[in-house]
Amino acid sequence: MIRTAIMLLFWALTMPFAALIGFFWAFLSGDVNLLYRTFNWGAYAGVWLTGVRVEIIGRDQFDHSRSYIFMTNHVSNLDPPIQIPLIPRRTSVLVKKELFKTPILGPAMRMASLLPVDRGNRDAGIEAVNAAKAVVAQGLNMTIYVEGKRSFDGKLLPFKKGPFYLAECGVPIIPMTIVGTHYAMPKGRFAIKPGRVKVIFHSPIEPKDFGSRECLMEKVRAAIESGLPEEFRQNALTTGDTGAQRGTA
């Protein structure tokens, strides 16, 4: 509980100051990159203060100058503040619409092109996917938690079909696996335990190489699952993603 309080206190003290500088520069220059980088730094540093340490694997195996759709599993509230700062260049992400009502954070997310989504409203979900297509068309990355919610036990939940309509954008998909946050802060627990977290970037997947969204979904699922510990895999994988075997400090 103390570690969580330290993280929240750090965010409470640093984020308003960062927002003041970032908002001022964004309004002055029309460039939100400083605001985006500052919030990412604060998010990542706050998690680091809790004793969580991150190992990054496979980030050197794709071109950082182009846009991608990152699709990842989701097991903890720690996932976004760890993963988003590790993605090269700006990325948008679908965020619960309620968070956009938060002072400072809400306006910052809007300026950074993050997208609100009402998970209980199917029509709103369709609108969010269409908005995501527009974001990708602008040249930004898009990060999707393809299960739609956090897993209780670390195993993959069924994937939502909506995100795979983004394949129509023709942008490569990079599956990601995050491991360890399930232990550090599982769903339903507020306190954070120190520990080791692994973030795996798998090899890019070209949607045009697949005849259907279902086949693409199966490929992405197999890649993400290949990075999970064996006890969390629901299917025996005969071949692993080679990118998951290469690391970068």
Could you check Ile84 against Thr91 for side-chain contact (heavy atoms from CB on, under 4.5 Å), going step by step and ending with a plain yes or no? CA-CA 7 Å; Ile84 300 304; Thr91 184; 3.8 Å; yes

Take Val75 and Asn73, measure what side-chain contact (heavy atoms from CB on, under 4.5 Å) needs, and give me the verdict at the end. CA-CA 7 Å; Val75 292; Asn73 62 318; 4.2 Å; yes

Trace of the side-chain contact (heavy atoms from CB on, under 4.5 Å) decision for Val197 with Ile82: CA-CA 9 Å; Val197 170; Ile82 290 175; 4.3 Å; yes

Using the side-chain contact (heavy atoms from CB on, under 4.5 Å) rule, take Phe70 and Ile144 through it: C-alpha gap first, then chi angles, then the decisive distance, then the call. CA-CA 6 Å; Phe70 295 87; Ile144 304 285; over 6 Å; no

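Scanning both residues, Thr72 and Glu147, for their nearest heavy atoms gives O-OE1, 4.5 Å. Nearest heavy-atom pair, Ala132 versus Met142, reported as atom, atom and distance to 0.1 Å: CB-SD, 3.8 Å. Nearest approach of Met1 to Phe190, heavy atoms of both residues: SD-CD2, 3.3 Å. The minimum heavy-atom distance linking Ser92 with Val135 is given by the pair CB-CG1, 3.6 Å. A pairwise comparison of heavy atoms in Thr4 and Ala191 identifies OG1-CA, 3.3 Å as the closest pair. Listed here is the closest heavy atom pair of Met185 and Leu78: CB-CD1, 3.7 Å.
Under the 30°/60° scheme for interplanar angles, the aromatic rings of Phe201 and Phe62 are found to be tilted.
For Thr50 (side chain) and Arg3 (main-chain N/O), no donor-acceptor pair under 3.5 Å exists by modelled atom type. Judged by distance alone, with hydrogens and angles left aside, the side-chain atoms of Asn141 form a donor-acceptor pair with the main-chain N or O of Tyr68 at under 3.5 Å. Although no hydrogens or angles enter the test, the distance criterion places a donor-acceptor pair under 3.5 Å between the side chain of Ser67 and the main chain of Gly139. A donor-acceptor pair under 3.5 Å is absent between the side-chain atoms of Arg53 and the main chain of Gly195, judged by distance alone.
Residue Ile192 forms a side chain to side chain contact (heavy atoms under 4.5 Å, CB included) with just one option from Val52, Thr181, Ile2, and that option is Val52.
Residue pairs meeting the salt bridge (Lys or Arg N to Asp or Glu O under 4.0 Å) criterion with at least one partner in residues 179-190, sequence neighbours excluded, do not occur; the list is empty. Counting only residues at least two apart or on different chains, the ring-ring contact (aromatic ring centres under 6.0 Å, His included) pairs with a member in residues 128-157 are His74-Tyr145.
Asp153 and Ser151 share a donor-acceptor pair across their side chains, judged by distance under 3.5 Å alone. A donor-acceptor contact closer than 3.5 angstrom is absent between the side chains of Thr143 and Gln83.
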Please list, one pair per line, the donor and acceptor atoms closer than 3.5 Å that link side chains of residues 5-16 to other protein atoms, with sequence neighbours excluded.
from, atom 1, to, atom 2, distance (Å)
Trp11, NE1, Gly42, O, 2.9
Thr14, OG1, Phe10, O, 2.7

Solution key, residues 205-218 side-chain donor-acceptor pairs under 3.5 Å, sequence neighbours excluded:
from, atom 1, to, atom 2, distance (Å)
Ser212, OG, Cys215, N, 3.2

Listed pairs under 3.5 Å, donor-acceptor, residues 156-178 side chains, sequence neighbours left out:
from, atom 1, to, atom 2, distance (Å)
Glu168, OE1, Lys133, NZ, 2.8
Thr177, OG1, His202, NE2, 2.7
Thr177, OG1, Ile224, O, 2.7

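His64 NE2 to Asp60 CG: the interatomic distance, rounded to the nearest 0.5 Å, is 7.0 Å.
In this structure, Tyr44 and Leu86 have side chains that are in contact, with non-hydrogen atoms separated by less than 4.5 Å.
Within 6.0 Å of CD in Glu230 there are 12 or fewer heavy atoms belonging to other residues, nucleotides or ligands.
Residues satisfying the side chain to side chain contact (heavy atoms under 4.5 Å, CB included) test with Arg90, not counting sequence neighbours, are Val32, Asn33, Tyr36, Ser113, Leu140.
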